[in-house]
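One structure is given below, encoded as structure tokens.
Here the structure is a predicted model, which means the values were calculated and not measured. One is the number of the first residue; the rest follow in order along the sequence.
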Amino acid sequence: MKTTLIFAAVLTAAVAASGAASAQRTEEVGQNPYGGLHWSVAAPEGATWALQCQFAPVTIRGIHMNRINHTGTGRMAGRLPSDNGSCRVTKTGGEGGVGVAVVKNGVATSAGTRDAATPAVVNVF
């Protein structure tokens with residue numbers, strides 16, 4: 001019972017805290033949740049990295065979101081749910097550099113870094 005009450009209190013606090021966020025306008029992307037911009041991270045020498053992409057708020061299968069986070073080594077690619085966004089890749093370890101690219105209307109915008117203290121940032125609006 002104590003665990004249930006703690007969970008209920010945490011859930012209630014989370015719902016109350018998200019009230020302001022739910023007031024924002026979101027776009028339901030439904031059946032095509034990742035039909036937006038293409039993104040790609042590369043670390044050809046095997047560096048590890050952390051990626052965070054932010055975009056206009058969307059609703060995917062009833063869940064409101066405005067960012068994605070990935071971690072990895074080497075290469076990874078995917079799509080955002082919208083046609084604008086900002087992606088930041090941070091080198092978290094290993095040798096070599098990391099880079100991120102975002103493609104809009106067939107034009108790639110990219111940035112890279114070898115320094116863990118200086119993330120590479122791409123803004124596409």
Side-chain angles (χ1 to χ4, degrees):
M1 177 91 169
K2 187 175 184 179
T3 303
T4 304
L5 292 176
I6 292 170
F7 177 75
V10 170
L11 181 61
T12 302
V15 169
S18 69
S22 66
Q24 293 179 341
R25 183 181 164 276
T26 62
E27 176 186 356
E28 172 64 62
V29 292
Q31 299 302 320
N32 190 16
Y34 296 100
L37 301 175
H38 291 268
W39 60 264
S40 180
V41 173
E45 296 175 50
T48 57
W49 47 264
L51 174 74
Q52 180 183 73
C53 293
Q54 295 179 296
F55 41 84
V58 296
T59 303
I60 299 174
R61 298 179 192 104
I63 299 171
H64 301 292
M65 60 188 296
N66 68 347
R67 75 183 63 199
I68 59 167
N69 295 297
H70 293 287
T71 58
T73 301
R75 184 182 184 285
M76 181 185 275
R79 293 185 81 168
L80 298 178
S82 65
D83 65 351
N84 64 62
S86 174
C87 291
R88 167 187 307 257
V89 67
T90 303
K91 180 180 174 179
T92 58
E95 296 297 319
V98 296
V100 60
V102 178
V103 179
K104 183 171 184 170
N105 299 326
V107 177
T109 304
S110 62
T113 186
R114 291 181 153 280
D115 183 0
T118 308
V121 180
V122 173
N123 297 306
V124 178
F125 296 100

Quick check: is M76 connected to L51 through a chain of hydrophobic side chains (ILVMFWY, heavy atoms under 4.5 Å apart)? yes

Are I68 and V89 grouped together when hydrophobic residues (ILVMFWY) are joined by side-chain heavy atoms under 4.5 angstrom apart? yes

Kindly give the heavy-atom pair with the smallest separation between [X] and [Y], and that separation in Å.
{"X": "G96", "Y": "A47", "value": "O-CB, 4.0 Å"}
{"X": "A43", "Y": "V98", "value": "CB-CG1, 3.8 Å"}
{"X": "C87", "Y": "L80", "value": "SG-CD1, 4.4 Å"}
{"X": "I60", "Y": "P81", "value": "CD1-CB, 4.2 Å"}
{"X": "S82", "Y": "A56", "value": "OG-N, 4.3 Å"}
{"X": "G85", "Y": "L37", "value": "N-CD1, 4.0 Å"}

For W49, the option from V41, V100, T90 that meets side chain to side chain contact (heavy atoms under 4.5 Å, CB included): V41

Flag, side chain of [X] to backbone of [Y], donor-acceptor distance under 3.5 Å:
{"X": "T109", "Y": "V122", "value": "no"}
{"X": "T113", "Y": "P119", "value": "no"}
{"X": "R75", "Y": "A42", "value": "no"}
{"X": "K104", "Y": "D83", "value": "yes"}
{"X": "K91", "Y": "A120", "value": "no"}

Value rounded to 0.5 Å, distance of CZ in R114 from CD in E45: 5.0 Å

Are side-chain heavy atoms of M65 and V58 found at a separation under 4.5 Å? yes

Is the number of heavy atoms from other residues, nucleotides or ligands under 6.0 Å of N69 CG greater than 12? yes

Residues, nucleotides or ligands: over 12 heavy atoms within 6.0 Å of R79 CZ: yes

According to side chain to side chain contact (heavy atoms under 4.5 Å, CB included), who are the partners of A117, at least two apart in sequence or on a separate chain? D115

